[in-house]
**Q** 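Below: one structure in structure tokens.
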2 protein chains.
Amino acid sequence: MADVKGGPNPLFLREEELRQAMELLFFAYRDFTGEPDQILADYGFGRAHHRVIYFVGRNPGITVSELLAILRITKQSLSRVLGQLVRDGFITQRPGLRDRRQRLLELTDKGRELENKLTEQQRIRIARAYRTAGAEAVEGFRTVLTNIIDEADRGRFERPEAPGKQGAKAAPPKSAARR
Amino acid sequence: MADVKGGPNPLFLREEELRQAMELLFFAYRDFTGEPDQILADYGFGRAHHRVIYFVGRNPGITVSELLAILRITKQSLSRVLGQLVRDGFITQRPGLRDRRQRLLELTDKGRELENKLTEQQRIRIARAYRTAGAEAVEGFRTVLTNIIDEADRGRFERPEAPGKQGAKAAPPKSAARR
DNA sequence: CTTTTACGTCAGCCATGTTGACATATCTAC
DNA sequence: GTAGATATGTCAACATGGCTGACGTAAAAG
């Protein structure tokens with residue numbers, strides 16, 4: 001951690017730096033996801049339910065395939081938790097207008113309530129970290145994390161002020177406007 | 001991010017900003033952990049094995065309880081994967097010197113080899129993101145992530161140049177020097 | 001000497017991922 | 001309008017990796 005500017009072993013420093021990043025990700029994700037679990041347990045749900053509720057809440061009218069692409073799980077796995085959430089009245093399905101094979105997903109009021117309860121602690125945690133770290137650090141946080149993400153999904157996080165390659169994507173992905 | 005100092009709807013922007021952070025974490029972690037899995041499958045292992053191998057490699061001589069505290073799982077869960085790794089010759093155990101009830105864990109050569117294979121892609125991914133984002137962004141990334149982590153574990157990531165509260169912790173946690 | 005600690009183990013349960021096969025409704029193209 | 005592709009669902013079986021609870025042993029600590 002001393003030995004900046006071409007010390008005796010820059011490769012070791014690089015390695016150490018990379019490993020610290022990996023651990024930061026591990027610990028941050030561990031703690032970030034750790035809190036909502038008790039609430040979920042009260043409902044007989046797990047993290048998978050949380051993820052589904054979250055992304056349906058964020059993308060009202062999302063299709064099943066879009067959700068699958070985000071979560072990167074099989075339809076059978078999704079079907080299990082999604083089925084429960086629909087049966088228990090947290091999510092509604094309705095056929096697509098243009099394509100009636102699709103099941104457009106949306107949170108019910110009950111679903112929105114649970115979503116809010118679940119993410120509240122996470123929002124507080126992030127807000128605290130953002131406040132403590134300051135705007136400049138937040139900018140760096142976003143930049144690095146975006147670059148860690150597979151290129152295919154970076155579009156979700158494009159900033160309008162980005163100079164250079166600003167394609168034509170301002171809207172989220174494809175969903176959201178299919179109601 | 002626009003709309004500082006009381007724009008039309010600062011609360012909405014804040015909410016949006018926080019949700020983007022949550023999603024950045026989700027996608028980054030999804031892609032960061034996604035790659036090593038094929039390699040693990042070749043060995044008949046899963047992600048749990050990877051985590052154990054990683055943290056034992058990082059903290060040679062770590063005790064079982066320390067590992068449990070990092071992973072935040074039960075000893076029964078750890079025992080399953082750790083047992084396999086020891087039996088298969090990736091990790092060795094030896095009794096502690098001061099306290100012979102402890103089993104100090106260490107990677108074997110075989111273990112180190114696998115560790116390297118597993119984290120290689122992850123190191124490449126982080127290195128690419130760091131290079132693209134630049135030193136300043138990296139600094140912000142570290143600052144924000146550290147603040148997302150539970151206070152109890154932030155010590156692992158303390159920087160020597162940090163002004164203000166620099167306690168007396170320079171060495172990692174407690175392990176590492178117990179051989 | 002008793003209690004606490006560090007670790008292990010057996011047994012069973014649950015959540016959540018997987019593969020493979022098959023069914024149905026609907027859209028698209030020829 | 002029929003054939004094939006697509007969106008979704010479902011059944012069955014299996015693996016991983018969490019969990020709880022109970023019990024055991026060796027060593028440290030009082």
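The basis for the numbers below is simple: all heavy atoms, side chains too, and nothing from hydrogens, waters or symmetry mates. Labels below follow one simple rule: chain letters A, B, ... track the order of the sequence lines, proteins then strands, and each chain is numbered from 1.
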**Q** Ring pair (Phe, Tyr, Trp, His ring centres under 6.0 Å) between Y29(A) and F26(B): does it pass, once the steps are laid out?
**A** CA-CA 8 Å; Y29(A) 199 76; F26(B) 170 79; 7.3 Å; no
**Q** In Å, rounded to the nearest 0.5 Å, how long is the span from CZ of F45(A) to CG of L85(A)?
**A** 5.0 Å
**Q** Between L71(A) (CG) and dT18(C) (P), how many Å, whole number?
**A** 10 Å
**Q** Does dT18(C) have OP1 or OP2 sitting under 4.0 Å from an N or O in the side chain of S77(A)?
**A** yes
**Q** Q93(B) near the nucleic acid: base, sugar-phosphate alone, or nothing, with a heavy-atom cut-off under 4.0 Å?
**A** sugar-phosphate
**Q** Would you kindly give the CD1-to-C1' distance between I73(B) and dT16(C), to the nearest whole Å?
**A** 16 Å
**Q** Give a yes or no answer on whether the side chain of D88(B) reaches the backbone of F90(B) with a donor-acceptor pair at less than 3.5 Å.
**A** no
**Q** Is the distance between the ring centroids of F27(A) and F157(B) under 6.0 Å?
**A** yes
**Q** Quick check: on DNA chain C, is the nucleotide nearest V81(A) upstream (toward 5') of the one nearest L105(B), or the reverse? Name the residue that is more 5'.
**A** L105(B)
**Q** According to a strict under-4.0 Å criterion, is R100(B) in side-chain N/O contact with OP1 or OP2 of dA26(D)?
**A** no
**Q** Taking only the side-chain heavy atoms of D99(A) (C-beta and beyond), determine which of dG8(C), dT26(C), dT10(D) contains the nearest atom.
**A** dT26(C)
**Q** Any side-chain N or O of R103(A) below 4.0 angstrom from OP1/OP2 of dA7(D)?
**A** no
**Q** Figure out the CD/P separation between Q84(A) and dA15(C), and round it to whole Å.
**A** 8 Å
**Q** Tell me if the side-chain of Q76(B) makes a donor-acceptor pair with the base of dG21(D), cut-off 3.5 Å, by modelled atom types.
**A** yes
**Q** Any donor-acceptor pair under 3.5 Å between the side chain of R80(B) and the base of dG18(D)?
**A** yes
**Q** Record whether the side chain of R101(A) comes under 3.5 Å of the base of dT6(D) through a donor-acceptor pair of N or O atoms.
**A** yes
**Q** Rounded to the nearest Å, what distance is computed from the CG atom of residue L68(B) to the C1' atom of nucleotide dC19(D)?
**A** 14 Å
**Q** Just the rounded figure in Å: distance from P of dT16(C) to CG of L82(A).
**A** 13 Å
**Q** Look at the side chain of Q102(B) and decide which nucleotide, out of dT10(D), dG18(D), dA6(C), has an atom nearest to it.
**A** dA6(C)
**Q** Any side-chain N or O of H49(A) under 4.0 Å from OP1/OP2 of dA15(C)?
**A** no
**Q** Could you work out which one of dA21(C), dC23(D), dA7(D) sits closest to the side chain of K75(A)?
**A** dA21(C)
**Q** Separation of H50(A) atom NE2 from dT16(C) atom P, in whole Å?
**A** 12 Å
**Q** Quick check: on DNA chain C, is the nucleotide nearest G44(A) upstream (toward 5') of the one nearest T74(A), or the reverse? Name the residue that is more 5'.
**A** G44(A)
**Q** Closer than 4.0 Å, any side-chain N/O of R72(A) to the OP1 or OP2 of dT16(C)?
**A** no
**Q** Figure out the CG/P separation between L67(B) and dA6(C), and round it to whole Å.
**A** 15 Å
**Q** Just the rounded figure in Å: distance from C1' of dA29(D) to CZ of R98(B).
**A** 14 Å
**Q** Taking D150(A) for the side chain and A152(A) for the main chain, is one N or O donor matched with an acceptor at less than 3.5 Å?
**A** no
**Q** Would one find more than 12 heavy atoms of other residues, nucleotides or ligands at under 6.0 Å from atom CD of E136(A)?
**A** no
